[in-house]
Amino acid sequence: MIVGLIVACEVAFWVLLAAGLTFRYGLRMPRVGLALLLCEPLLELVLFTVTAIDLRNGAEPDWKHGLAAVYIGFTVGLGHSTIKWADAWVAHRFAGGPPPVRPPRYGTARAVHEWKVAGRWILAAVVAVALLQAAVWYVGDGQTDSLRAWQQRMLWLIGINVVIAGSYTLFPKRGR
């Protein structure tokens, strides 16, 4: 049930995004479009609530509950930038807006960009780790190995992002 809900939330994320941008630019109803875009966090609230209820009703914590926490974390960390990117692209493509800003290619500006990207991924991982820890405490003495495994994966994700962003700082790409 949890995996199906995660898939439904992901599909609903993109459907709400498409509907919000369609109303905003295609139908020239920016308030309705904004209202639809502001409904996005409700998806995570529903997933969080259903996962908590499932655990409270005695479900053994497993990889599905961990995946739900990770999905919520990723949406918190990356959802806003995804919506912002899609909004800029649609505004340019269909509403005569300026082209989306491309990331810098070289030097310090590129390093700063990579740290911002890493910061979003790190935020996603930290939120996931916090939710996973809350689930461990919520369950108590239950079998929490799968939740701990997800926490380890999120720590790896943080490390990978620090290494990537750090490499752009220590070894900046140079223009030709």
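Worth knowing before you read on, the calculation uses all heavy atoms, side chains too, and leaves out hydrogens, waters and symmetry mates.
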Got [X] and [Y] here, is their nearest side-chain heavy-atom distance under 4.5 Å?
X: F48; Y: Y71; value: no
X: M1; Y: V50; value: yes
X: I122; Y: V162; value: yes
X: L21; Y: L17; value: yes
X: L43; Y: L16; value: yes
X: Y106; Y: R174; value: no
X: P172; Y: T108; value: no
X: E60; Y: D62; value: no

* Without swapping roles, check the side chain of R110 against the backbone of P104 for a donor-acceptor pair under 3.5 Å. => yes
Between [atom1] on residue [X] and [atom2] on residue [Y], distance to nearest 0.5 Å:
X: Y138; Y: T144; atom1: OH; atom2: OG1; result: 15.5 Å
X: M154; Y: L131; atom1: CE; atom2: CG; result: 11.5 Å
X: L147; Y: L67; atom1: CG; atom2: CG; result: 11.5 Å
X: H65; Y: W150; atom1: NE2; atom2: CH2; result: 13.0 Å
X: R120; Y: N161; atom1: CZ; atom2: CG; result: 10.5 Å
X: C39; Y: L45; atom1: SG; atom2: CG; result: 12.0 Å

With a 4.5 Å cut-off on side-chain heavy-atom distances among I, L, V, M, F, W and Y, is there a chain of contacts connecting [X] to [Y]?
X: W115; Y: V126; answer: yes
X: V127; Y: L55; answer: no
X: L78; Y: W85; answer: no
X: V3; Y: L47; answer: yes
X: L38; Y: F23; answer: no

* To do: Could you please spell out the steps behind the side-chain contact (heavy atoms from CB on, under 4.5 Å) verdict for F13 and I83?
  => CA-CA 10 Å; F13 174 87; I83 292 169; 4.1 Å; yes
* Would you find more than 12 non-hydrogen atoms of other residues, nucleotides or ligands less than 6.0 Å from R105 atom CZ? -> no
* **Note: R24-D87 ion pair, threshold 4.0 Å (strictly below)** => yes
* Under the side-chain contact (heavy atoms from CB on, under 4.5 Å) rule, what do I164 and I160 come out as? Steps first, then yes or no, please. => CA-CA 6 Å; I164 291 170; I160 289 167; 3.8 Å; yes
Provide the closest heavy-atom pair for [X] versus [Y] in the form atom of the first, atom of the second, distance.
X: A68; Y: I2; value: CB-CG2, 4.1 Å
X: P61; Y: S146; value: O-OG, 3.3 Å
X: A125; Y: I158; value: CB-CG1, 3.5 Å
X: H92; Y: G97; value: ND1-O, 3.0 Å

* To do: Would you check, one step at a time, whether the test side-chain contact (heavy atoms from CB on, under 4.5 Å) holds for F74 with L157?
  => CA-CA 11 Å; F74 279 25; L157 181 69; 3.6 Å; yes
* Asked: Between the side chains of W156 and Q152, is a donor N or O closer than 3.5 angstrom to an acceptor N or O?
  -> no
* Asked: Could you walk me through whether V76 and E44 pass the side-chain contact (heavy atoms from CB on, under 4.5 Å) check?
  -> CA-CA 9 Å; V76 169; E44 283 63 50; 5.6 Å; no
